[in-house]
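Here the structure is laid out as structure tokens; the discussion comes afterwards.
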2 protein chains.
Amino acid sequence: MKPNKQTEQRLEVLRHSAAHLLAQAITELFPSTILTIGPATKEGFFYDFQPENNFIQSDLPAIEARMKELAAKNYPITHEDISKDYARELYKNNPFKLELIDGIPGETVGLSRQGDFYDLCRGGHVPTTGDLKSIMLTGISGSYWRADQNNAPLQRISGTAFFNDKELRTYLMQKELAAKYDHRKLGKEMDLFSFQDEGTGFPFYHPKGAFIINKLKDFIRNIWTNNGYHETITPAILDVALWKQSGHYENYKKHMYFSTVENKEYAVKPMNCPGSILIYKQNLHSYRELPLRLAEFGHVHRFELSGVLHGLFRVRAFTQDDTHMYCAPEQIEAQIVSSIQTIDKVWKTFGIEDVHYAVSTKPANAMGSDDLWNIAIDALKNGLTKAGKEFEIYEGEGAFYGPKIEVTIHDSMGRSWQCSTVQVDFFMPQNFELYYINNKGEKQTPVIIHQAILGSLERFFGIMLEHFKGHFPFWLCPTQIKVIPITSDQSQYAQNIYSALKDAGFRTELDESNEPLSAKIKVAQMEKIPWMLVVGQKEMEASTITLRHVTGKQEFGLSLESILEMGRKENKV
Amino acid sequence: MKPNKQTEQRLEVLRHSAAHLLAQAITELFPSTILTIGPATKEGFFYDFQPENNFIQSDLPAIEARMKELAAKNYPITHEDISKDYARELYKNNPFKLELIDGIPGETVGLSRQGDFYDLCRGGHVPTTGDLKSIMLTGISGSYWRADQNNAPLQRISGTAFFNDKELRTYLMQKELAAKYDHRKLGKEMDLFSFQDEGTGFPFYHPKGAFIINKLKDFIRNIWTNNGYHETITPAILDVALWKQSGHYENYKKHMYFSTVENKEYAVKPMNCPGSILIYKQNLHSYRELPLRLAEFGHVHRFELSGVLHGLFRVRAFTQDDTHMYCAPEQIEAQIVSSIQTIDKVWKTFGIEDVHYAVSTKPANAMGSDDLWNIAIDALKNGLTKAGKEFEIYEGEGAFYGPKIEVTIHDSMGRSWQCSTVQVDFFMPQNFELYYINNKGEKQTPVIIHQAILGSLERFFGIMLEHFKGHFPFWLCPTQIKVIPITSDQSQYAQNIYSALKDAGFRTELDESNEPLSAKIKVAQMEKIPWMLVVGQKEMEASTITLRHVTGKQEFGLSLESILEMGRKENKV
């Protein structure tokens with residue numbers, strides 16, 4: 001299931017239709033219920049009702065059963081435009097629908113019908129209720145009309161729908177896995193990070209979590225160095241005047257943290273671009289220096305409502321692996337090819353082979369001429385093609401300042417995540433009057449390519465934690481190896497192995513407890529340490545080691561040298 | 001010149017006396033001048049006057065000459081207490097002195113005399129003006145009475161004084177060197193960092209500067225790992241309630257940046273302790289885990305008036321290499337020994353052998369019993385003694401929450417810098433109700449040792465930049481080696497050497513320009529690249545390399561292998 005736009009749209013239609021099916025079932029089972037609205041959501045659909053008596057959880061099976069009966073009847077779903085007067089007559093006892101009718105521009109409104117049931121609706125349905133067989137209801141919750149707690153309280157029934165039962169089963173299995181390997185749960189169990197009331201939405205990294213974040217930074221830093229990017233560090237707080245010039249103040253204000261000092265207003269940075277641009281402007285640049293790739297691990301703050309915060313997936317402060325590439329226009333394509341290759345390589349390192357590319361094109365509110373846009377879009381498309389990638393077009397979904405490549409990855413549980421982006425920007429270079437001296441000695445405006453590979457390190461950490469189910473690759477683990485002597489008779493032998501591994505730079509622990517082997521293995525297993533080196537009398541006498549992988553797989557009779565060699569290979573990324 | 005407290009106090013007395021000498025000279029040369037105050041400063045002294053006609057720069061030599069004449073006269077300097085009435089009579093025409101007299105508690109004020117000259121004064125002078133021979137005046141500037149621009153404008157004459165001419169000469173030479181190697185100047189020339197109006201007091205690190213900061217972090221991180229410290233990452237912004245609990249809000253508010261979000265007040269962290277403590281509190285701790293050493297590269301913001309900002313020496317945001325060690329009380333001493341050894345080793349790495357230790361004891365406003373203080377002070381003293389260090393006692397200069405060790409280093413220009421600190425803290429653990437389970441299974445309050453080795457990475461960077469006069473040690477240089485073929489005939493040979501060095505992990509550049517050798521060397525010299533590998537026809541034929549150090553020293557006939565080996569040694573820190 002790729003996050004193909006067409007598939008997504010078809011699924012949305014299916015789920016919106018399922019919401020109508022739910023409303024139909026409710027109308028039949030609880031005729032006094034007043035209907036409001038029923039949209040599709042990212043994972044399914046819901047319908048908000050005002051029932052005479054509150055629904056309870058145990059009503060759901062009967063409702064779901066009725067939905068399936070109605071689906072089996074295979075009613076055609078039709079759509080028509082009716083006059084507002086007629087609609088008002090139909091809904092004279094439903095204040096919610098009357099309010100909706102008033103809010104719709106024009107003289108007519110849409111109405112969909114299936115069997116006896118009808119509902120006010122913009123349209124977009126599957127042909128018949130027979131297409132709605134793979135459905136399930138997932139829960140009841142409280143809500144408010146128009147999500148405003150000053151309005152009438154409603155009851156929301158949620159559910160999901162798929163094209164067939166197999167997809168529904170896959171979804172349910174994924175949900176179960178995702179709950180089991182929820183990164184918030186693993187983060188606590190593995191003592192990686194915490195969230196605390198004193199800093200809502202701001203992660204606290206405990207030693208092992210901080211270790212992994214630092215390793216990820218080293219990994220990315222290495223990629224930056226190998227690809228000619230230069231790391232910079234810019235301030236966390238900058239003058240509001242700058243954010244006004246960059247357009248962030250106008251467009252992004254509600255997500256920004258402000259602080260007033262000496263009567264001057266400052267903002268905590270929500271993005272790194274202006275800081276990077278100020279560094280660019282410090283020196284005069286020749287075309288010979290371009291592309292100039294300035295990178296930064298930018299720690300940004302973006303306010304989000306506390307209700308939408310979600311572990312490391314949605315936080316209020318995070319670190320971006322952010323790059324700004326100052327290019328001559330004719331360099332865009334080559335840089336895109338290189339960026340795509342780099343991004344691809346990074347995802348492969350994390351075992352992610354299923355990577356999906358899309359080009360988002362000129363939106364309605366775009367700035368810049370069609371010509372400029374076409375050059376940039378062609379550069380993105382050609383870049384992707386030259387890098388050997390297929391891609392979709394997301395029509396009109398670019399940023400107002402330029403087109404972009406969106407990269408979506410698929411994790412081990414089949415879920416999709418939009419992580420990397422590559423954006424072409426004509427706007428900021430003009431806005432900040434950037435220039436370089438071209439080969440004719442004239443001033444020329446560069447293009448900025450904004451690139452993030454992992455995106456948010458915090459979110460990436462959360463995604464990888466779930467993707468690997470807590471079992472990070474060897475090179476990323478805070479503790480890589482645990483040496484386990486079976487009895488104290490082998491403690492000197494174990495100590496020697498431990499020292500040799502430490503000296504060779506492996507992150508190694510030695511279990512010197514008096515517990516039985518099985519208990520020691522259980523502890524290491526729980527700690528998710530990838531390699532256990534078990535040494536008993538037999539191993540000691542033969543000067544060998546038994547390597548027990550965390551997966552349970554065992555390799556016997558290995559020499560210390562071969563362990564070191566294997567470890568070195570695993571450490572290479 | 002150690003920053004010995006006694007020496008400092010003697011110097012202060014000398015310089016305050018020199019300020020009187022200046023006032024005496026002015027009174028003789030410009031009798032209508034009204035005197036105000038004349039204190040000692042860190043680098044000398046000043047006296048603020050209200051002259052009839054403004055002094056000009058060219059008056060200074062005559063004033064200085066008169067001061068020297070008065071010094072040669074060897075007037076005894078005496079001190080007496082006089083009644084306020086008498087003092088008011090003496091100063092009836094001097095509104096500033098009258099205001100001072102009113103502000104002094106009690107019925108008498110002090111008066112010092114030398115020859116015909118007298119001045120209102122608390123006391124503390126050298127015995128005679130003959131002790132004031134090694135003086136010089138350094139400038140004239142504008143000031144205001146009581147530093148308030150709503151008050152009368154005054155003129156400030158500044159100068160300095162030393163015990164003898166040799167010390168004065170040393171000081172002047174240091175000043176000259178410091179101006180030549182001012183880190184702000186070097187930072188710009190070497191393209192390391194910049195300061196910009198959009199973020200007053202916030203450094204922007206350009207690629208080479210960011211590289212050095214990252215290297216310093218790696219260096220410290222390595223020390224942390226080797227000494228059992230665990231790195232953490234805590235949020236940049238935390239709830240004001242926490243800062244109230246920690247006491248920072250009450251005591252440090254005017255240096256803090258605040259931001260209000262969702263009607264909740266937050267503060268940008270000025271210190272890292274509360275964040276570390278919140279991590280400690282996330283888990284239950286046994287005595288077996290102690291000392292638990294939680295470290296952090298904490299990026300803190302501290303507001304300072306724009307007037308006192310000074311390059312990287314005094315900024316508004318900086319990164320601390322901050323450690324919080326949660327110890328059982330009986331572990332303090334051993335931890336102090338270890339901390340001192342670590343600190344000592346770090347300074348040695350930077351070529352700083354002259355390190356001065358002092359123990360600051362219980363101040364007037366201290367919390368906690370004398371017993372507790374004595375235990376901690378003894379632990380600090382014993383720790384220093386066991387680490388083989390001499391130390392001074394700074395009586396009453398500890399923090400209110402506990403005593404501390406202050407570590408002062410001396411740079412290559414003889415200046416002293418207080419960088420490292422080790423502080424014992426009884427207060428925060430109680431305040432935040434921290435505990436661990438002791439070996440009897442009871443809850444017990446730990447002690448926190450706060451430790452910073454470099455202190456502020458920003459300030460350290462500035463100090464080292466001046467200390468090394470821009471020539472950082474090999475392991476810290478953004479570019480370590482430049483391969484320079486003498487003519488294009490050696491370009492393949494140079495390329496091979498370059499590749500081998502790159503592959504071995506050295507930060508290497510290759511000069512492929514067609515400039516003459518002398519020009520290439522000049523460029524590398526200006527870039528402060530420590531090693532130039534010069535290869536001409538002779539070297540190529542003999543498969544050797546000439547190593548030219550940035551100092552000018554040359555080593556001929558080296559093999560690539562020996563260069564690699566030498567480089568590896570230099571990289572080891």
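Lettering of chains follows the sequences in order, A, B, ..., and the numbering in each one begins at 1. Bear in mind that the values here come from a model prediction, so they are computed numbers and not experimental data.
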Does [X], at its [atom1] atom, have more than 12 non-hydrogen atoms belonging to other residues, nucleotides or ligands within less than 6.0 Å?
X	atom1	answer
A:Asn226	CG	yes
B:Asn514	CG	no
A:Lys281	NZ	yes

- Minimum heavy-atom distance between A:Glu231 and B:Ala210, given as atom pair plus value: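 Where A:Glu231 meets B:Ala210 most closely, the heavy atoms are O-CB, 3.3 Å.
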- Item | Which atom of A:Glu198 lies closest to which atom of B:Tyr266, heavy atoms considered |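 Answer, listing the atom of A:Glu198 first, then B:Tyr266: O-CE2, 4.1 Å.
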- Interface moiety of B:Asn283 toward chain A, non-hydrogen atoms closer than 4.5 Å: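 B:Asn283 touches chain A through side-chain heavy atoms alone.
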- Sort B:Gln282 into side chain, backbone, both or neither according to what part of it lies under 4.5 angstrom from a heavy atom of chain A.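 For B:Gln282, side-chain heavy atoms alone lie under 4.5 Å from chain A.
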- Contact leader toward chain B among A:Thr260, A:Ile213, A:Asn214, where contacts are heavy-atom pairs under 4.5 Å: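 Ranked by heavy-atom pairs under 4.5 Å with chain B, first place is A:Asn214.
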- Item | Best-contacting candidate, A:Ala241, A:Pro274, A:Ser306, against chain B by heavy atom pairs under 4.5 angstrom |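 With the most close heavy-atom pairs to chain B, the winner is A:Ser306.
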Interface residue of largest heavy-atom contact number with chain A, from [options], under 4.5 Å:
options	result
B:Ile233, B:Ile237, B:Asp239	B:Ile233
B:Leu238, B:Thr225, B:Asp191, B:Val240	B:Leu238
B:Leu305, B:Leu278, B:Thr234, B:Leu242	B:Leu278
B:His230, B:Gln196, B:Lys208, B:Lys188	B:Gln196

- Heavy-atom contacts under 4.5 Å, residues 199-207 of chain B to chain A: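 Only B:Gly199, B:Thr200, B:Phe202, B:Pro203, B:Phe204, B:Tyr205, B:His206, B:Pro207 of residues 199-207 of chain B have a heavy atom under 4.5 Å from chain A.
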- Who in residues 290-299 of chain B is close to chain A, using a strict under-4.5 Å heavy-atom cut-off?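 Within residues 290-299 of chain B, the residues that come under 4.5 Å of chain A (heavy atoms only) are B:Leu294, B:His299.
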- With a 4.5 angstrom heavy-atom cut-off, could you sort out which part of A:Phe303 is near chain B: side chain, backbone, both or neither?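 Only the side chain of A:Phe303 comes within 4.5 Å of chain B.
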